[in-house]
Engineer: 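Quick one: structure below, then a few questions.
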Amino acid sequence: MRNLSKEKKEIWRRRRRLNLSKVPECLKQRIVKVDFCSKLEEFEEAFSLLYDRYHEVGLIPTSKECLFFTPYQALPDSRVCIARSLETGEVTSTATLVIDSEVGLPSDSLYKDIIDRLRKEGRKPAEFTCLAAKTDIYSRNGLFYIFRILYKYAISKGATDLVISVHPKHTTFYELVLLFERVGPLRYYPHLENAPAYLERLELTGVQKRYEEAYRSFWEGQIVIDFFFNIALPEDTWILTQKYNMKPEVFKHFYLERTNAFQKMDNKLAKYLASIYLDELDYRVNYPLQAVS
């Protein structure tokens, strides 16, 4: 290793990481089916998995609802994606893509100064958020199928960059394998417990070329290139044409009836979501909250 060039060392590390994690095996032999959540029970599965994993690692306290979700997952252009095991039928991983809008992105709470630079350059960022997977290696690799479809969705919505706030212990995966670049210093989420993060960015313009340069020199890497850019999966056509995120009854169930999440929202987000999901009479009569008055 000492005599290898920096480029060859990186290739060696990338190849080793792929094989230790059985990524080529999981990408060649399809292991999950992915969907964008649209039904109440699908959101329930995603939010329950998020709670289980975040609670298990100590990011969030115990709650009687056993659900974790954020206001950004209810935005019309957001997509909550789940990967379901073809073997067991269980949801094994989930992630959400948030497209930038007038209410911003989740990472604005920590990195608005940096994300605003992208906006001022005329770029349109989108964010990966609310990621969780069961602990076995096949469940974790199911996230590749989620990333793949969310990449495609982000590009279809005109996004030029993907950002994600990453715990320090996961930065190697995003930087070495998914080719993100660190653009923000270490900061801490105020509403999560023990939640340090770095801001990572992947420029979507020319992303295929970047993957080809990083992966084309070894056969496992060619599997990654083909998976993200050259093969078609059955859901590619219909999943990207899904017209809506949540229906009003789903929003009300999670944010107003099952929990008091709506009452705890930032005022700007609450007003924005109320204008989408609640008609004026509905929320003034049934949910008379000062936040949306």
Engineer: Take atom CD in Glu41; do more than 12 heavy atoms of anything else shown fall under 6.0 Å from it?
Structural biologist: yes
Engineer: Yes or no on side chain to side chain contact (heavy atoms under 4.5 Å, CB included) for Asn245 and Phe36, after CA distance, side-chain angles and deciding distance?
Structural biologist: CA-CA 8 Å; Asn245 181 22; Phe36 288 161; over 6 Å; no
Engineer: Looking only at non-hydrogen atoms, find the nearest pair between Gly142 and Ala83 and report the distance.
Structural biologist: O-CB, 4.0 Å
Engineer: Report yes if some heavy atom in the side chain of Ile146 is under 4.5 Å from a heavy atom in the side chain of Leu131; otherwise report no.
Structural biologist: no
Engineer: Would you name the heavy atoms of Ile31 and Tyr138 that are closest together and state the gap between them?
Structural biologist: CD1-O, 3.3 Å
Engineer: Between Arg123 and Glu203, does a salt bridge (Lys or Arg N to Asp or Glu O under 4.0 Å) hold up when you go through it step by step?
Structural biologist: CA-CA 10 Å; Arg123 305 188 71 82; Glu203 188 176 349; 3.4 Å; yes
Engineer: Could you walk me through whether Cys130 and Thr70 pass side chain to side chain contact (heavy atoms under 4.5 Å, CB included), step by step?
Structural biologist: CA-CA 8 Å; Cys130 293; Thr70 75; 3.8 Å; yes
Engineer: Could you verify whether a donor N or O on one side chain and an acceptor N or O on the other, from Glu212 and Gln208, lie under 3.5 Å apart?
Structural biologist: yes
Engineer: Ala133 and Leu143: which non-hydrogen atoms are nearest, and at how many Å?
Structural biologist: CB-CD1, 4.0 Å
Engineer: Take Asp100 and Lys124 through the test salt bridge (Lys or Arg N to Asp or Glu O under 4.0 Å) and record every step on the way to the result.
Structural biologist: CA-CA 7 Å; Asp100 199 24; Lys124 183 177 181 179; over 6 Å; no
Engineer: CD1 of Ile149 to OG of Ser156: how many Å apart, nearest 0.5 Å?
Structural biologist: 9.0 Å
Engineer: Decide yes or no for Tyr272 and Met265: does some side-chain heavy atom of the first lie under 4.5 Å from some side-chain heavy atom of the second?
Structural biologist: no
Engineer: Under the side-chain contact (heavy atoms from CB on, under 4.5 Å) test against Glu200, which residue among Leu178, Leu179, Thr171 passes?
Structural biologist: Thr171
Engineer: Taking the inter-plane angle between the rings of Phe147 and Phe128 on a 0 to 90° scale, is it parallel (under 30°), tilted (30 to 60°) or perpendicular (over 60°)?
Structural biologist: tilted
Engineer: Return the set of residues passing salt bridge (Lys or Arg N to Asp or Glu O under 4.0 Å) with Lys33 (not counting sequence neighbours), or none when no residue passes.
Structural biologist: Asp35
Engineer: Step through it carefully: locate the ring centre of Tyr255, locate the ring centre of Tyr277, and say whether they are under 6.0 Å apart.
Structural biologist: no
Engineer: Are more than 12 heavy atoms, taken from residues, nucleotides or ligands other than Glu249, located less than 6.0 Å from that residue's CD atom?
Structural biologist: yes
Engineer: Applying the 4.5 Å side-chain criterion to the ILVMFWY set and letting contacts propagate, would Phe180 and Ile99 be lumped into a single cluster?
Structural biologist: yes
Engineer: With side chains defined as the heavy atoms from C-beta onward, is the minimum distance between Leu75 and Val98 less than 4.5 Å?
Structural biologist: yes
Engineer: Could you see if Ile164 belongs to whatever hydrophobic cluster contains Phe69? Use Ile, Leu, Val, Met, Phe, Trp, Tyr and a side-chain cutoff under 4.5 Å.
Structural biologist: no
Engineer: Please evaluate residues Leu233 and Arg148 with respect to the criterion side chain to side chain contact (heavy atoms under 4.5 Å, CB included), reporting the C-alpha separation (whole Å), side-chain torsions for both, the decisive distance (0.1 Å), and the verdict.
Structural biologist: CA-CA 10 Å; Leu233 295 179; Arg148 177 186 178 277; 3.6 Å; yes
Engineer: Rounded to the nearest 0.5 Å, how far does NE2 of His55 lie from CZ of Phe68?
Structural biologist: 12.5 Å
Engineer: What I want to check is whether the side chains of Ser107 and Ser165 have a donor and an acceptor closer together than 3.5 Å.
Structural biologist: yes
Engineer: Starting from the C-alpha separation in whole Å, work towards a yes-or-no answer on side chain to side chain contact (heavy atoms under 4.5 Å, CB included) for Leu18 and Val177.
Structural biologist: CA-CA 8 Å; Leu18 290 177; Val177 178; 4.2 Å; yes
Engineer: Can you list everything that forms a side chain to side chain donor-acceptor pair (under 3.5 Å) with Arg16? Sequence neighbours excluded, please.
Structural biologist: none
Engineer: Do Ser109 and Tyr189 have a side chain donor and acceptor closer than 3.5 Å?
Structural biologist: no
Engineer: Check whether NZ of the Lys or CZ of the Arg Arg14 lies under 6.0 Å from the centre of the six-membered ring of Tyr215 and within 45 degrees of that ring's axis.
Structural biologist: yes
Engineer: Does Glu235 have any salt bridge (Lys or Arg N to Asp or Glu O under 4.0 Å) partners at least two apart in sequence or in another chain, and if so, which?
Structural biologist: Arg30
Engineer: Taking all atoms of both residues into account, what is the closest heavy-atom pair of Ala46 and Thr94, and its distance?
Structural biologist: CB-OG1, 3.7 Å
Engineer: Please enumerate all residues that pass side chain to side chain donor-acceptor pair (under 3.5 Å) together with Arg258, with sequence neighbours excluded.
Structural biologist: Glu44
Engineer: Minimum heavy-atom separation for Tyr111 and Pro185, please, with both atom names.
Structural biologist: OH-O, 2.5 Å
Engineer: Looking at residues at least two apart in the chain, or sitting in another chain, which of them share a salt bridge (Lys or Arg N to Asp or Glu O under 4.0 Å) with Arg17?
Structural biologist: none
Engineer: List for me each residue that meets side chain to side chain donor-acceptor pair (under 3.5 Å) alongside Glu175, sequence neighbours excluded, and say none if there are none.
Structural biologist: Arg182
Engineer: Looking at Leu162 and Ala154, what are the two nearest heavy atoms and their distance?
Structural biologist: CD2-CB, 3.9 Å
Engineer: Before you tell me yes or no, could you show the steps for Glu220 and Arg15 under salt bridge (Lys or Arg N to Asp or Glu O under 4.0 Å), namely the whole-Å CA-CA distance, both residues' side-chain angles and the distance that decides it to 0.1 Å?
Structural biologist: CA-CA 7 Å; Glu220 298 97 334; Arg15 188 174 188 180; 2.8 Å; yes
Engineer: Does Tyr151 have any side chain to side chain donor-acceptor pair (under 3.5 Å) partners at least two apart in sequence or in another chain, and if so, which?
Structural biologist: Tyr211
Engineer: Does Leu186 sit in a hydrophobic cluster with other residues, and if so which ones, taking ILVMFWY side chains as linked at heavy-atom separations under 4.5 Å, directly or through other members?
Structural biologist: Tyr188, Tyr198
Engineer: Determine whether Arg119 and Asp108 satisfy the following criterion, salt bridge (Lys or Arg N to Asp or Glu O under 4.0 Å), listing intermediate values before the conclusion.
Structural biologist: CA-CA 12 Å; Arg119 296 174 177 127; Asp108 281 324; 2.9 Å; yes
Engineer: In chain order, what residues pass the ring pair (Phe, Tyr, Trp, His ring centres under 6.0 Å) check against Phe43, with sequence neighbours excluded?
Structural biologist: Phe47
Engineer: Will you find, in the side chains of Gln73 and Thr96, an N or O donor that is under 3.5 Å from an N or O acceptor?
Structural biologist: yes
Engineer: Quick one: salt bridge (Lys or Arg N to Asp or Glu O under 4.0 Å) partners of Lys157, sequence neighbours excluded?
Structural biologist: Asp77
Engineer: Heavy atoms, side chains only, cut-off 4.5 Å: are Leu27 and Val224 in contact?
Structural biologist: yes
Engineer: In the hydrophobic cluster built from side-chain contacts under 4.5 Å, what are the other members alongside Ile82?
Structural biologist: Leu49, Val91
Engineer: Name all pairs fulfilling the salt bridge (Lys or Arg N to Asp or Glu O under 4.0 Å) condition that reach into residues 134-143, sequence neighbours left out, sorted by first residue then second.
Structural biologist: Glu90-Lys134
Engineer: Check the angle between the aromatic planes of Phe144 and Phe173 and answer parallel, tilted or perpendicular using the 30° and 60° thresholds.
Structural biologist: perpendicular
Engineer: Is the shortest distance from a Lys or Arg side-chain nitrogen in Arg210 or Glu181 to a carboxylate oxygen in the other one below 4.0 Å?
Structural biologist: yes
Engineer: Heavy-atom distance under 4.5 Å between the side chains of Pro71 and Asp266, does that happen here?
Structural biologist: no
Engineer: Could you tell me whether the side chain of Leu118 reaches within less than 4.5 Å of the side chain of Thr160, counting heavy atoms only?
Structural biologist: no
Engineer: Closer than 4.0 angstrom, basic N to acidic O: yes or no for Arg13 and Glu10?
Structural biologist: no
Engineer: Report yes or no: does Arg79 contribute a side-chain atom to a donor-acceptor pair with the main-chain N or O of Pro76 at less than 3.5 Å?
Structural biologist: yes
Engineer: Looking at the rings of Phe227 and Tyr145, which for Trp means the six-membered one, are their centres under 6.0 Å apart?
Structural biologist: yes
